[in-house]
Amino acid sequence: MSNPFNQPPPLVDYNVFESDAVLKESLEREGAAWAQDMVSELGGLAGTQQAIDWGFQANANPPKLRTHDRFGDRIDEVEFHPAWHELMKVAVGHGLHALPWREPRPGAHAARAAAFYVWSQVEGGHGCPISMTYAAVPALRKVPRLAAEWEPLMRALDYDPGLRPASTKKGVLFGMAMTERQGGSDVRSNTALATPTGADGGHHLTGSKWFCSAPMCDAFLVLAQAPGGLSCFLLPRVLPDGSRNAFHIERLKDKLGNRSNASSEVAFDNAWAVMVGAEGDGVKTIIEMVNHTRLDCVIGSASLMRQAVAQATHHTAHRRAFGKLLSEQPLMVNVLADLALESEATTILMMRLAGAFDRAEDATEASFRRIGVAIAKFWTCKRAIAVVAEALECHGGNGYVEESILPRLYREAPLNSIWEGSGNVNALDVLRAMQREPDSLASYFGEVESTSDPRLKRAVEEIKQEIANSAEIEFRARRIVNRMAVALEASLMLRYGDPVSAEYFCASRLSEGGGQMFGVLPKLDSLKSVIERHRPRFI
Ligand SMILES: Cc1cc2nc3c(=O)[nH]c(=O)nc-3n(C[C@H](O)[C@H](O)[C@H](O)COP(=O)(O)OP(=O)(O)OC[C@H]3O[C@@H](n4cnc5c(N)ncnc54)[C@H](O)[C@@H]3O)c2cc1C
């Protein structure tokens, strides 16, 4: 044996995009074949040792807060390791923060989703400011004057860090600050106050935010109570005259994961801000942003699953136990194939949703997007946690060791489910969509009833019965949304997935009690082909 210690070669020097058949097919299907070269180039970079090293370095050297300079003056800055800046430079340079706004052509959101998914496999934390900048644009567009001022800088491909007036920068990044100590999901309990300045049409904000990620962004969309109710504001970190706005970073959160990214507590001490949208319409305005960051939670979860499955299928194809490769042991085949099915369904769903963003001028697509994002956010974020844990176990002890990347994926996984509406809040949002926007439910059924598979038909009938019964429906929201998500994934797998994978997906997930654990597929036939479809290859 040429490998006496039975250790697999590291998964490096592979193209993260080219070795992902599901993503490649989805990119084309969703009308973004034109972006293939860009995503492939990014995929090549994502598989290099250098990019992988940046991911590890940025997490091993988390950001540091510097509240004051040596003279005791407040500066409220966060210092990042150079690797963070390299990751950001690539992300911004490839337009992951703005592609659809730069190139508003069919398939632009799908192209951006594919690129974000590929590059997030290197490192998840820096995706936070990238995602928030992408998502802030539709909210800002509610005020054409503000959009005209800020959007050209938000769309630029230049990563230009540092706190300076926007007019002197080549590109800017945006964050958002909604969550306060007394309530995050319930944003209407916000107490940050906005008082009109009286002079320049602006407001002065006082109060604090309990979570504010990426505080080195150039500007934030903030919720605060104006005289006319909860409103949305644009708060720049540096004022046009070059002085620092009174946005004070109190401390950085010591987080479970997402360690490369700074998440902070901030206080506003008469910070200057300008209103976005109508007074009292804060939630309605910022929800535009949240819709897009929720899509990114789905993309982030798909990306975590894909990286975990790539690592697991690679590792087990090289590691032997009891006289065989692990990937040939029947029970391991069952686990790997089951994980691969989940990853495939999630990738197709994420791309289908991104495609709905592209086609949102069509009323049915807009309705599907409304409910589809909430369903997918609820389910895929939960499944990512389980997939990563199981993929980690496929590595045995090696998976529990930091160098394998699996611990980092594992710590990152629960976050997508928490922010932008935690699990229950998303499940309840699905109910809200059904009640207030019945077209969204109709578009959902249009999607899941587009195939004739009898198992899916039965599952859809059961969902209809669940929904028709309004008694204690809130109590049953998770059960309903879980079923809706699996039926949606099944219908997408039947139409667009690998036929063998689709068959197994339906056989395992549409039966009562199915899909609760990985590695319980009903028979062995053809499962190796499912795994091979998902195993990355060296260049
Ligand atoms: C790393 C990190 C970074 C973050 N960055 C930002 C940021 O940049 N900007 C920002 O504004 N926020 C940010 N957040 C905050 C995040 O969005 C909130 O934590 C989240 O929205 C939940 O709010 P909460 O923490 O107040 O929990 P709560 O609102 O107290 O909710 C606690 C639990 O109760 C559930 N729950 C709430 N309401 C109901 C209900 N009616 N029925 C049943 N269950 C319910 C929730 O689903 C959740 O599971 C960040 C959070 C983290 C962890």
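In what follows, residues are counted from 1 in the order of the sequence shown. Since this is a predicted model, take the numbers as computed values, not measurements. Atoms within each ligand, like the ligands themselves, are counted from 1 in listed order. What you see below is based on every heavy atom in this structure, not just the backbone, and it leaves out hydrogens, waters and symmetry mates.
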With sequence neighbours excluded, residues passing salt bridge (charged side-chain N to carboxylate O under 4.0 Å, His left out) with Lys382: none
Exercise: identify the closest heavy-atom pair between Leu205 and Ala194: CD2-CB, 3.4 Å
Electrostatic pair Arg479:Glu462 at N-O distance under 4.0 angstrom: no
All side chain to side chain donor-acceptor pair (under 3.5 Å) counterparts of Thr293, not counting sequence neighbours: Glu420
Side-chain donor-acceptor distances from residues 81-91 under 3.5 Å, at least two apart:
unit_1, atom_1, unit_2, atom_2, d
His81, ND1, Ala83, N, 3.0
His85, ND1, Tyr159, OH, 2.8

Every residue of the protein that comes under 4.0 Å of ligand 1, judged on heavy atoms: Met176, Ala177, Met178, Thr179, Gly183, Gly184, Ser185, Phe211, Cys212, Ser213, Lys255, Ser263, Leu415, Ile418, Trp419, Glu420, Ser422, Asn424, Val425, Leu428
Salt-bridge present (Glu402, Arg408; N to O < 4.0 Å): no
